[in-house]
Amino acid sequence: MKRPPMTKKGADRLRTELDRLKSEERPRIIAAIAEARAHGDLKENAEYHAAREMQGFIEGRIQELEGALSHAEVIDVTRLNAGTRIVFGATVDLADEDSGEEISYQIVGDLEADIKQRLISVSSPFARALIGKSAGESFEFQAPNGTRNYEITGVRYED
């Protein structure tokens, strides 16, 4: 099985979240459960059930992060020598040929993707449309709201 790619910056961000969950959130929720238990009857204790539910969420997220970090192939994008060709880790500058709007995205691993930070998953249709292309090329993308035409104005590999 091929190991899923992850940028070094993304792996560092996930490790920071994992450390925070283990050192801050887990002890806090254990204390909240103990306090709720002290209030008596657990069947009708909403605080206890909410704390247990939160504990399940935190433990699930810890397992997800540990699994992802242990199986991922961490890639230092600053060491990639792909030039102006788009591969995993590239930060791509685009110009919408219809509206003239300019936007940049970095192609990252699935778990580190965050559209608000302009980090798009390597497995997303948009990233798949970009991979293999080079700066200066134009391409058409079938977006849910219609066909969009983009020009690739820049490709860089930075942290």
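- Once rounded to the nearest 0.5 Å, the distance linking CG of Leu130 with OG of Ser124 reads 8.0 Å.
- Between Glu47 and Arg37 there is no salt bridge, since no side-chain N of the basic residue sits under 4.0 Å from a carboxylate O of the acidic one.
- Checked by atom type and distance alone, the side chain of Glu137 pairs as donor or acceptor with a backbone atom of Ser134 at under 3.5 Å.
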Original post:
After noting the C-alpha distance and the side-chain angles of Leu94 and Phe139, does the key distance pass the side-chain contact (heavy atoms from CB on, under 4.5 Å) rule?
Top reply: CA-CA 10 Å; Leu94 300 167; Phe139 71 100; 4.1 Å; yes

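- Residues that satisfy the side-chain hydrogen bond (donor to acceptor under 3.5 Å, both in side chains) test with Glu73, not counting sequence neighbours, are absent from this structure.
- Residues passing the salt bridge (Lys or Arg N to Asp or Glu O under 4.0 Å) test with Arg15, sequence neighbours excluded: Asp12.
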**OP:** Step by step, work out the side-chain contact (heavy atoms from CB on, under 4.5 Å) result for Val122 and Val108.
**Re:** CA-CA 6 Å; Val122 67; Val108 299; over 6 Å; no

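- Remark: Arg28 engages Glu25 in a salt bridge (Lys or Arg N to Asp or Glu O under 4.0 Å) (not counting sequence neighbours).
- Remark: Lys133 NZ is packed, more than 12 non-hydrogen atoms of other residues, nucleotides or ligands lying under 6.0 Å away.
- Not counting sequence neighbours, the partners of Glu59 by the salt bridge (Lys or Arg N to Asp or Glu O under 4.0 Å) test are Arg26.
- Rounding to the nearest 0.5 Å places CG of Asp93 at 11.0 Å from CD of Glu151.
- Arg128 contributes a side-chain N or O that, together with a main-chain N or O of Ser123, makes up a donor-acceptor pair within less than 3.5 Å.
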**OP:** Given side-chain contact (heavy atoms from CB on, under 4.5 Å), test Thr91 with Tyr105 step by step and report yes or no.
**Re:** CA-CA 6 Å; Thr91 299; Tyr105 292 107; over 6 Å; no

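- Applying the salt bridge (Lys or Arg N to Asp or Glu O under 4.0 Å) test to Asp19 and every residue at least two apart in sequence or in another chain returns nothing.
- When ring centroids are compared, Tyr150 and Phe126 come within the 6.0 Å threshold.
- Under the side-chain hydrogen bond (donor to acceptor under 3.5 Å, both in side chains) criterion, Glu17 pairs with Arg61, not counting sequence neighbours.
- No path of Ile, Leu, Val, Met, Phe, Trp and Tyr side chains, each step under 4.5 Å between heavy atoms, connects Met54 with Tyr48, placing them in separate hydrophobic clusters.
- There is no side-chain donor-acceptor pair under 3.5 Å between Thr147 and Glu140.
- Side-chain N/O atoms of Glu102 and Thr153 include no donor and acceptor closer than 3.5 Å.
- In summary, Asp98 and Arg148 do not engage in a salt bridge, as defined by a charged side-chain N under 4.0 Å from a carboxylate O.
- Checking side-chain atoms of Asn149 against main-chain N and O of Asp96 turns up no donor-acceptor pair under 3.5 Å.
- Put simply, the side chain of Gln106 never gets that close to the backbone of Val92: no donor and acceptor are under 3.5 Å apart.
- Judged purely by atom type and a 3.5 angstrom limit, Ser70 uses its side chain to pair as donor or acceptor with the backbone of Glu66.
- A donor atom on one side chain and an acceptor atom on the other are found under 3.5 Å apart for Glu112 and Thr7.
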